[in-house]
Amino acid sequence: QVQLVESGGGLVQAGGSLRLSCAASGGILSTYAVGWFRQAPGKEREFVATINRSGGNTYYADFVKGRFTISRDTAKNTVYLQMNSLKPEDTAVYYCAAGRYATTGPAIYDYWGQGTQVTVSS
């Protein structure tokens with residue numbers, strides 16, 4: 001059973017950057033595709049980015065293309081989400097999830113972290 005723990009969230013001004021980490025225990029994260037999702041108050045959880053098991057393929061939601069980068073560090077059993085040029089509308093709880101396929105659908109992912117809060121002030 002893989003356990004995922006997100007970290008790196010916080011309060012940042014618009015235009016700033018944060019790097020979120022998704023650290024795994026109880027399993028080898030490189031054997032899973034990993035996705036990042038976010039959920040703002042009163043809104044449904046939405047897809048942000050995903051990376052396949054090898055790290056060779058990534059896919060992003062249109063609203064983060066060119067601003068966010070997903071990557072993985074196999075040695076550290078961790079996946080990252082580098083977020084640049086942050087906007088107030090990026091404010092949400094960010095979750096990482098692991099599953100067999102790098103897809104945009106949250107139902108496909110088997111394991112989820114507890115989330116980390118990202119707040120972007122204007």
Side-chain angles (χ1 to χ4, degrees):
Q1 185 95 7
V2 175
Q3 289 86 43
L4 303 176
V5 177
E6 302 95 336
S7 62
L11 174 64
V12 64
Q13 290 188 333
S17 298
L18 286 173
R19 188 178 77 160
L20 305 184
S21 298
C22 174
S25 61
I28 301 173
L29 199 55
S30 60
T31 63
Y32 297 91
V34 175
W36 283 97
F37 294 80
R38 70 186 187 184
Q39 189 166 17
K43 296 186 177 181
E44 293 187 353
R45 190 168 298 191
E46 62 180 355
F47 167 76
V48 175
T50 188
I51 188 167
N52 70 345
R53 283 174 282 185
S54 70
N57 287 311
T58 58
Y59 184 73
Y60 299 90
D62 286 344
F63 54 78
V64 303
K65 283 181 181 177
R67 300 190 298 125
F68 292 9
T69 303
I70 188 170
S71 63
R72 58 165 78 238
D73 186 329
T74 301
K76 294 184 178 181
N77 215 25
T78 299
V79 169
Y80 302 100
L81 185 68
Q82 177 67 44
M83 306 188 297
N84 300 327
S85 302
L86 283 161
K87 305 174 182 180
E89 52 263 44
D90 293 318
T91 296
V93 177
Y94 284 71
Y95 300 88
C96 67
R100 294 186 63 185
Y101 305 107
T103 180
T104 62
I108 304 301
Y109 293 87
D110 299 312
Y111 306 103
W112 290 80
Q114 293 301 305
T116 185
Q117 176 69 47
V118 171
T119 303
V120 184
S121 63
S122 57

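Numbers here are sequence positions counted from 1. Fair warning: this is a prediction, and the values are worked out from it, not measured in the lab.
- In this structure, Y60 contributes its side chain and I70 its backbone to a donor-acceptor pair below 3.5 Å.
- In this structure, the separation between CG on D110 and OH on Y32 is 7.5 Å, given to the nearest 0.5 Å.
- The shortest heavy-atom contact between A102 and A33 is N-CB, 3.3 Å.
- Between the side chain of T103 and the backbone N or O of Y101 there is no donor-acceptor pair closer than 3.5 Å.
- The minimum heavy-atom distance between A92 and R38, with the atom names listed, is CB-CB, 3.8 Å.
- Hydrophobic clustering (side-chain heavy atoms under 4.5 Å, transitive across Ile, Leu, Val, Met, Phe, Trp, Tyr) groups V34 together with L18.
- Taking the six-membered ring for Trp and thresholds of 30 and 60 degrees, W112 and Y95 have ring planes more than 60 degrees apart, a perpendicular arrangement.
- Remark: side-chain polar atoms of N57 are not paired, donor with acceptor, to backbone N or O of N52 under 3.5 angstrom.
- At least one side-chain heavy atom of V79 sits under 4.5 Å from a side-chain heavy atom of W36.
- Listed here is the closest heavy atom pair of L20 and V118: CD2-CG2, 4.0 Å.
- Taking all atoms of both residues into account, the shortest heavy-atom contact from V93 to Q117 is CG2-OE1, 3.2 Å.
- Rounded to the nearest 0.5 angstrom, K87 NZ and S122 OG are separated by 14.0 Å.
- Panel note: side chain T116, backbone Y94; no donor-acceptor pair is recorded below 3.5 Å.
- Shown here is Q114, whose CD atom has no more than 12 heavy atoms of other residues, nucleotides or ligands within 6.0 Å.
- For the pair Y111 and L4, the tightest heavy-atom approach, listed with the atom from each and the gap, is O-CD1, 3.5 Å.
- Panel note: side chain N77, backbone G27; a donor-acceptor pair is recorded below 3.5 Å.
- Between the CD atom of E44 and the CD atom of E46 there is a distance of 9.5 Å, given to the nearest 0.5 Å.
- Counting heavy atoms from C-beta outward, S30 and R72 have side chains that approach closer than 4.5 Å.
- Aromatic ring orientation, F47 versus Y59: parallel (interplanar angle below 30°, classes split at 30° and 60°).
- For the side-chain hydrogen bond (donor to acceptor under 3.5 Å, both in side chains) test, residues two or more places apart in sequence or in another chain that qualify with K65 are D62.
- More than 12 heavy-atom neighbours from other residues, nucleotides or ligands sit within 6.0 angstrom of CZ on R67.
- Residue I28 qualifies as open at atom CD1: its count of foreign heavy atoms under 6.0 Å is 12 or below.
- One hydrophobic cluster holds both L29 and V48 under the rule that ILVMFWY side chains link at heavy-atom gaps under 4.5 Å.
- Of all non-hydrogen atoms in M83 and L86, the two that sit nearest each other are CB-CD2, 3.8 Å.
- Note that R19 lies in the cation-pi zone of Y80, set by a 6.0 Å cut-off to the ring centre and a 45° limit from the axis.
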